[in-house]
Amino acid sequence: MSVTTVTPVTPTQSAKVRLRVRRKAQLAKGVCGLVLVDPDGRRLPDWTPGSHVDLTFANGLTRQYSLCGDRWDPHRYEVAVLREPGGRGGSAYVHDVLAEGDSVEIAGPRNNFALAPADRYLFVAGGIGITPILPMLEQAELLGSPWNLLYGGRHRSSMAFLDRLAGWGDRVEVHPQDEHGLLDLSAVAGAPPGTKIYCCGPEPLLTAVREAAANLAAGCLRTERFAAREQGAPVRTTSFTVKLARSGATVTVPPGVSILDAVAEAGVPILASCRQGTCGTCETPLLAGLPDHRDSLLNEQERNSGDLFYPCVSRAASDHLVLDA
Ligand code: FES
């Protein structure tokens, strides 16, 4: 009997690895699915529901996509990509250019939308926002927690994974807007204590769910967004300094320059991807100082606990910050 030793792929925060597109398929109108594998058949790093990967394509564009396949299959990642006509070119590249057999670079997986334990779950997905939710359904099932899913989309034909969801019966409410109008969110407003609500979708849906959940206990709603949240003006309009505890450097950050760029200029690059405060790649522990959080990742509780910081968009409210970089 011959035994083959397979070395797993082990990317770190700063490493990217190359995967191959094994399969590309149309999942719904305007949505294509990719199956990614290691070219040498090695196992891929583990991930948990809610995780995303950064994909960098041959044209240099990097985009984040939620993993939506079977988390227990160590040899393949699956993502689904919505064609965005007004987008910046990433989805058009995936739909029109990327082909089976092509290579993509990946970084991650990284999870900013992890499923916390709960007595029960209510999942709300809009359009392509179904992707991070799909593995959560399996996880909730494994945990033995009751769950329901509200899944809205413009038209039934543009809603991916309906076949996969059909097996869950009436726990899944599929709600195409052209047939039934907007999603009925009364289940959000009436969620019993102990329910955690996970929502991913376009901004109007996130806003509607946030409003419906306004009277529920703090922390019971988690959202993941595709685009950066609208932020007001920065707390301060003058320069501040950032000390980098590990490198020992102190950098002055003028108005209009991101901390990320200022510290890179000083020779301390921090890994980044979206540069919009949505992907979590540049997450850096904050050791001292008063932050002006301007990301779209942290909730109110996490902002108040004050130890995580996203230097691609966040700034200082005090004269001085200390980062663990
Ligand atoms: Fe994406 Fe900072 S690079 S959150």
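Counting convention: from 1, in listed order, for ligands and their atoms alike. Below, all heavy atoms of this structure are taken into account, side chains as well, without hydrogens, waters or symmetry copies.
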Open item on the list: I need the nearest protein heavy-atom contact for atom 4 (S) of ligand 1: residue, atom name and distance, please.
Closed with: Gly280 N, 3.2 Å
Task: Metal site atom 2 (Fe) of ligand 1: N/O/S of Cys312 inside 2.8 Å - done: yes
Open item on the list: Taking backbone and side chain together, does Cys282 place any N/O/S atom at a distance below 2.8 Å from atom 2 (Fe) of ligand 1?
Closed with: yes
Open item on the list: Using side-chain hydrogen bond (donor to acceptor under 3.5 Å, both in side chains), reason through Arg110 and Gln64 one step at a time and then give a plain yes or no.
Closed with: CA-CA 10 Å; Arg110 187 173 298 109; Gln64 293 78 41; over 6 Å; no
- [ ] Please check if atom NZ in Lys24 has more than 12 non-hydrogen atoms from other residues, nucleotides or ligands closer than 6.0 Å.
- [x] yes
- [ ] Select one of side chain, backbone, both or neither to describe which atoms of Ser273 lie under 4.0 Å from any atom of ligand 1, heavy atoms only.
- [x] backbone
Task: Proximity to ligand 1 by part of Glu283, non-hydrogen separation under 4.0 Å - done: neither
- [ ] Please could you name the atoms of ligand 1 that Arg275 approaches to less than 4.0 Å, counting only its heavy atoms?
- [x] 1 (Fe), 3 (S)
TODO: Return the orientation label for the His293 and Phe309 ring planes: parallel under 30°, perpendicular over 60°, tilted otherwise.
DONE: tilted
- [ ] Answer yes or no: does atom CZ of Arg22 have more than 12 heavy-atom neighbours from other residues, nucleotides or ligands under 6.0 Å?
- [x] no
TODO: May I ask you to list the atoms of ligand 1 that are less than 4.0 angstrom from any heavy atom of Gly277?
DONE: 4 (S)
- [ ] For the pair Tyr65 and Phe57, name the ring-plane relationship: parallel under 30°, tilted 30 to 60°, perpendicular over 60°.
- [x] tilted
Open item on the list: Using the side chain to side chain donor-acceptor pair (under 3.5 Å) definition, which of the options Asp261, Thr62, Thr281 pairs with Arg275?
Closed with: Asp261
Task: Heavy-atom gap Thr278 to ligand 1 smaller than 4.0 Å - done: yes
Open item on the list: Applying side-chain hydrogen bond (donor to acceptor under 3.5 Å, both in side chains) to Thr241 and His320, what does each step give before you reach the verdict?
Closed with: CA-CA 5 Å; Thr241 58; His320 196 62; 2.4 Å; yes
Open item on the list: Using atom 1 (Fe) of ligand 1 as the vertex, how large is the angle between SG of Cys274 and SG of Cys279, rounded to 10 degrees?
Closed with: 100°
